[in-house]
Amino acid sequence: MRLVGLTGGIASGKSTVSSLFKSSGVPVVDADIVARNVVQKGTGGWKKVVKAFGNDILLENGEIDRARLGQIVFSDPVKRKLLNSLLAPNISFGIFWEILKLWANGCTVIVVDIPLLFETKMDRWTNPVVVVWVDPKTQMERLMSRDGCSEEQAQNRINAQLALDWKKSEADIVINNSGSLDDTKQQFQEVLKQVSGPLTWKERLMSRDGLLSIVVCTTAGVLLAQKNLL
């Protein structure tokens, strides 16, 4: 099984590339979706967050106001670190569970879409790592246009993450999303060929079929050894 790490920065276009993988038939585990699920009303994650940040972050229906919570943590590094530490175990388990389900279905290539891939050290479990990069000026413009925020607010949100240039330097594969969508799609086709290539022998052993082959061979070896001993 091949786990492909996909990450980037805010407004870099990672979600666009993630959607391209999905439309190409490659299964994607989206950490953002997992994160939303673990803070749904009544869940353990929801209780942790409400206890730490108070009822002021709740909507009238009891769900967490993600926009309000975002404003709080993006403007305060201490509170952002607290939120990450509270939810990290729940999110990690959720991601693992989604990967396990895809593995059980026989998927051999899985894209793990994690904004905080490097921050959470989960890049150690993925290979290759794909970083969606965008130049700083374009990133700022897209973020302000997308979220309707001021330049200062946009800069605070960008500064809250690891530098995109650093992530680029740590990547195995880089997609430059500074240009047009057609240009990104063209780059993506090359990336798709790379990540969909033949599995290494280690990756084959990690796949469901590889593990089943090991079990069958081991069982056959044990049975043969017992027969020879009789």
Side-chain angles (χ1 to χ4, degrees), residues 1-40 66-67 70 74 87 91-92 94-120 122-123 125-149 154 157-158 160-162 164-165 167-168 170-197 199:
M1 178 179 65
R2 176 175 296 153
L3 289 179
V4 180
L6 176 64
T7 192
I10 190 168
S12 70
K14 177 183 61 62
S15 296
T16 297
V17 175
S18 182
S19 296
L20 290 173
F21 273 115
K22 293 174 186 176
S23 63
S24 299
V26 180
V28 175
V29 175
D30 191 330
D32 282 340
I33 294 177
V34 173
R36 283 196 290 270
N37 290 338
V38 301
V39 293
Q40 286 184 336
R66 293 173 59 83
F74 276 122
L87 297 181
I91 295 173
S92 296
I95 291 172
F96 171 77
W97 181 246
E98 293 301 319
I99 292 173
L100 184 61
K101 289 191 290 185
L102 291 171
W103 176 87
N105 285 331
C107 296
T108 55
V109 178
I110 301 170
V111 171
V112 188
D113 178 351
I114 307 180
L116 302 180
L117 183 73
F118 292 109
E119 291 89 336
T120 57
M122 293 192 73
D123 58 298
W125 307 102
T126 58
N127 185 41
V129 170
V130 180
V131 169
V132 183
W133 181 87
V134 66
D135 69 78
K137 182 175 182 293
T138 302
Q139 182 183 26
M140 178 72 75
E141 291 174 348
R142 288 178 179 173
L143 180 55
M144 292 171 63
S145 175
R146 187 191 73 183
D147 294 355
C149 56
R157 298 184 70 178
I158 292 173
Q161 301 180 337
L162 283 177
L164 192 51
D165 281 343
K167 293 183 180 182
K168 178 183 177 182
E170 296 295 309
D172 298 303
I173 301 171
V174 176
I175 294 178
N176 185 343
N177 190 40
S178 302
S180 66
L181 179 58
D182 286 340
D183 182 44
T184 298
K185 287 181 177 179
Q186 187 174 354
Q187 293 178 67
F188 171 77
Q189 290 304 317
E190 294 302 316
V191 173
L192 183 62
K193 291 178 184 177
Q194 289 180 259
V195 304
S196 302
L199 301 183

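When all heavy atoms of Leu143 and Ala154 are compared, the closest pair comes out as CD2-O, 3.5 Å. The heavy-atom pair separating Ile95 from Ala31 by the smallest distance is CD1-CB, 3.9 Å. Closest non-hydrogen pair, Val132 versus Leu164, comes out as O-CD1, 3.8 Å. Here the shortest heavy-atom pairing between Val129 and Asp172 reads N-OD2, 2.7 Å. Between Val28 and Ser18 the shortest heavy-atom distance is CG1-OG, 3.4 Å.
Side chains of Thr120 and Ser92 form no contact here, defined as non-hydrogen atoms less than 4.5 Å apart. Put simply, the side chain of Trp133 reaches to within 4.5 Å of the side chain of Asp165, judged on heavy atoms. Between Val29 and Asp113 the shortest side-chain heavy-atom distance does not fall below 4.5 Å. For the pair Phe188 and Ser24, the minimum side-chain heavy-atom distance is below 4.5 Å. Looking at heavy atoms from C-beta onward, Lys14 lies in side-chain contact with Pro115 at the 4.5 angstrom threshold. Counting only heavy atoms from C-beta outward, the side chains of Val131 and Phe118 approach each other to under 4.5 Å. Within the 4.5 Å cutoff, no side-chain heavy atoms of Ser12 are placed close to those of Arg142. When side chains are defined from C-beta on, Thr108 counts as touching Leu199, because their heavy atoms get closer than 4.5 Å.
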*Going through the checks in order, is the side-chain contact (heavy atoms from CB on, under 4.5 Å) test met by Val4 and Gln194?*
CA-CA 11 Å; Val4 180; Gln194 289 180 259; over 6 Å; no
*Going through the distances and angles, do Glu141 and Lys137 end up as a side-chain contact (heavy atoms from CB on, under 4.5 Å)?*
CA-CA 6 Å; Glu141 291 174 348; Lys137 182 175 182 293; 2.6 Å; yes
_Val112 and Trp125: CA distance, side-chain angles, deciding distance, side-chain contact (heavy atoms from CB on, under 4.5 Å) verdict_ = CA-CA 10 Å; Val112 188; Trp125 307 102; over 6 Å; no
_Before you tell me yes or no, could you show the steps for Thr138 and Asp135 under side-chain hydrogen bond (donor to acceptor under 3.5 Å, both in side chains), namely the whole-Å CA-CA distance, both residues' side-chain angles and the distance that decides it to 0.1 Å?_
CA-CA 6 Å; Thr138 302; Asp135 69 78; 2.7 Å; yes
_As a quick check of understanding, evaluate side-chain contact (heavy atoms from CB on, under 4.5 Å) for Ile110 and Arg2, giving each step before the final call._
CA-CA 6 Å; Ile110 301 170; Arg2 176 175 296 153; over 6 Å; no
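For the atom pair CD (Glu98) and CG (Asp30), the distance works out to 10.0 Å, reported to the nearest 0.5 Å. Taken to the nearest 0.5 Å, the CD1 atom of Ile175 stands 7.5 Å off from the CD1 atom of Ile173. We find the CG-CG distance between Leu116 and Asp123 to be 11.5 Å, quoted to the nearest 0.5 Å. Atoms CG and CG, on Leu102 and Leu3 in that order, are 9.5 Å from each other to the nearest 0.5 Å. Distance check: Gln161 CD to Thr7 OG1 gives 8.0 Å after rounding to the nearest 0.5 Å. Taking CZ from Arg66 and CG from Asp32, the interatomic distance works out to 7.0 Å, rounded to the nearest 0.5 Å.
Counting non-hydrogen atoms of neighbouring residues, nucleotides and ligands closer than 6.0 angstrom, the CD atom of Gln186 reaches no more than 12 such neighbours. The number of heavy-atom neighbours closer than 6.0 Å to NZ of Lys22, taken from other residues, nucleotides and ligands shown, is above 12.
Electrostatic pairing of Lys167 and Glu119 counts as a salt bridge here, judged by a charged N lying under 4.0 Å from a carboxylate O.
Remark: the Ser178 side chain and the Asn176 side chain contain an N/O donor-acceptor pair separated by less than 3.5 Å.
With sequence neighbours excluded, no residue satisfies side chain to side chain donor-acceptor pair (under 3.5 Å) with Ser196. The ring-ring contact (aromatic ring centres under 6.0 Å, His included) search around Phe74 returns none, not counting sequence neighbours.
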